[in-house]
Protein chains: 2
Amino acid sequence: MLHQKPAHDQTAMPDYAPHSHPHPSARDLIAAHGGRVTRTRIAVIETLQAAQHPLSHDEIGAALAAADIAHDRVTLYRALDWLVEQGIAQRIAGGERAWRFEIRHDGAHRHAHFHCDRCGQILCLEEVPTETSPALPAGFELDRTELVLHGACADCGRQGAKAGTR
Amino acid sequence: MLHQKPAHDQTAMPDYAPHSHPHPSARDLIAAHGGRVTRTRIAVIETLQAAQHPLSHDEIGAALAAADIAHDRVTLYRALDWLVEQGIAQRIAGGERAWRFEIRHDGAHRHAHFHCDRCGQILCLEEVPTETSPALPAGFELDRTELVLHGACADCGRQGAKAGTR
DNA sequence: ATTCAAATGCTACAATGTTGCATCAAAAGC
DNA sequence: GCTTTTGATGCAACATTGTAGCATTTGAAT
């Protein structure tokens, strides 16, 4: 697993915490979808916007804690559910049987992900577009395509650890 | 979720149970990797070989039960772990935070998967090859690519259910 | 300030997967 | 065929991830 994070450290600022926001305002995003503007939702959106890679529920929770924001697991799950439902965020099935979340980009900005099978890290490959129009059996409707490259990231590759496909 | 299966029915033969085996013998496969040839491993391999789509741990367990083979959850997990470790099978991260397993094909036979976001079913798209050589950042090693198409399968699409991205 | 549905924060639970350890059995040696 | 030995199994207990129900709080409309 990939838990080098300082657990519930209230002072340290994780590297995926918001630095600047060249994104649509979280408040506006929420309001535009007819939802209530709450601390939790704002913080979640800003955290996702600032992230350089898809975040796990756990990582987002840590960011909220760092921002001194309510920290109930269920609330966070529901906030994320709502964002996904509204199309603001999207789930991607990172290994480790836990969802990861990222801001949903419009069609043009879709990108692939790289999954390091050694450290479990997932990162966005902005340069690699996801394939678009493959032939599907009759009756199937395509919503979106997800392209995941599996292998070893630069850090893990250098350390040359032996590893399974896991 | 997708649990229409008859739980622990000892008589019914699920549609993914072995019918014929145009595949390498399970015994040989196991022995070739230096493992012990046990009922569990044989049955798991044969089940996977006969399957038309990647199977969840649960589905494999049901197949074992149908074949009157020991049914301990942990044993099955470990058998699957071993197969993956040996490169005989591979895990794919079907949504629903549960792994799915399929026999690992060699390079030429790689295929994409379709994930129905409504019923959770996953099926193999033999005709759709996975993309192969995208540009990766320096230091990254590519092991395999996974292409998942999300949408509604023929059954769900016809029923026209409204559904989230989930 | 009042109202009221939408969000929250409990608690309790479900599903999926893992660890430790005693027991069993596959295949190797005799 | 019998014994040995180590890998595989089975069980119980636990960890992690995610859900459900319900009382309470709060955003924002009046």
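What's counted below: heavy atoms across the whole structure, side chains too, no hydrogens, waters or symmetry copies. We name chains A, B, ... by the order of the sequence lines, and we start the count at 1 in each one. Keep in mind the model is a prediction, meaning the values are calculated, not measured.
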Inset, instruction - Using a cut-off of strictly less than 4.0 Å, decide whether B:T75 has a side-chain nitrogen or oxygen near OP1 or OP2 of D:dG10. - result: yes
Inset, instruction - Let me know the distance between CG of B:D72 and P of D:dA12, rounded to the nearest Å. - result: 10 Å
Legend entry - Contacts of type side-chain hydrogen bond (donor to acceptor under 3.5 Å, both in side chains), residue B:T38, not counting sequence neighbours: none
Inset, instruction - May I ask you to list the residues sharing a hydrophobic cluster with B:I92, side-chain cutoff 4.5 Å, ordered by chain and number? - result: B:I122
Legend entry - Candidates C:dT11, D:dG18, C:dG20 - which lies nearest the side chain of B:V74: C:dG20
Inset, instruction - Specify the separation, in whole Å, of atom CG of B:D58 and atom C1' of C:dA15. - result: 9 Å
Legend entry - Lys NZ or Arg CZ of B:R97 over A:W99 ring: under 6.0 Å, within 45°: no
Legend entry - Comparing A:A79 and A:R73 on DNA chain C - which has the more 5′ nearest nucleotide: A:A79
Legend entry - Residue A:W99, side-chain heavy atoms: nucleotide from D:dG18, D:dG10, C:dG17 that is nearest: D:dG18
Legend entry - Whole-Å gap separating C1' (D:dA8) and NE2 (B:H33): 18 Å
Inset, instruction - Can you check whether any acceptor in the base of C:dG17 is under 3.5 Å from a donor in the side chain of B:R91, or vice versa? - result: no
Legend entry - Non-neighbouring partners of A:T75 that pass side-chain hydrogen bond (donor to acceptor under 3.5 Å, both in side chains), sequence neighbours left out: A:D72
Report each atom pair, protein N/O against N/O of nucleotides 4-7 of chain D, whose distance is under 3.5 angstrom.
unit_1: D:dT6; atom_1: O2; unit_2: B:R36; atom_2: NH1; d: 3.4
unit_1: D:dT6; atom_1: O2; unit_2: B:R36; atom_2: NH2; d: 2.6
unit_1: D:dG7; atom_1: O4'; unit_2: B:R36; atom_2: NE; d: 3.4
unit_1: D:dG7; atom_1: O4'; unit_2: B:R36; atom_2: NH2; d: 3.2
unit_1: D:dG7; atom_1: N3; unit_2: B:R36; atom_2: NH1; d: 2.8

Legend entry - Sugar-phosphate only, base, or nothing, as touched by B:T38 at under 4.0 Å among non-hydrogen atoms: sugar-phosphate
Inset, instruction - Using atom NE2 of B:H57 as one end and atom C1' of C:dG17 as the other, report the distance to the nearest whole Å. - result: 8 Å
Inset, instruction - Supply the members, apart from B:Y77, of the Ile/Leu/Val/Met/Phe/Trp/Tyr cluster built from side-chain contacts under 4.5 Å; use none for a lone residue. - result: none
Legend entry - By side-chain hydrogen bond (donor to acceptor under 3.5 Å, both in side chains) - contacts of A:E102 (at least two apart): A:Q90, A:H111, A:H113
Legend entry - Nucleotide C:dA7, atom P - distance to CG of A:L64 in whole Å: 17 Å
Inset, instruction - Could you tell me whether the side chain of B:R100 and the main chain of B:A93 form a donor-acceptor pair under 3.5 Å? - result: no
Legend entry - Separation of C:dA14 C1' from A:Y77 OH (nearest whole Å): 13 Å
Legend entry - C:dG17 base / B:R78 side chain donor-acceptor hit below 3.5 Å: no
Inset, instruction - To the nearest Å, give me how far apart CD1 (A:I30) and C1' (D:dA28) are. - result: 14 Å
Legend entry - Whole-Å distance separating the CD atom of A:Q86 from the P atom of C:dA6: 13 Å
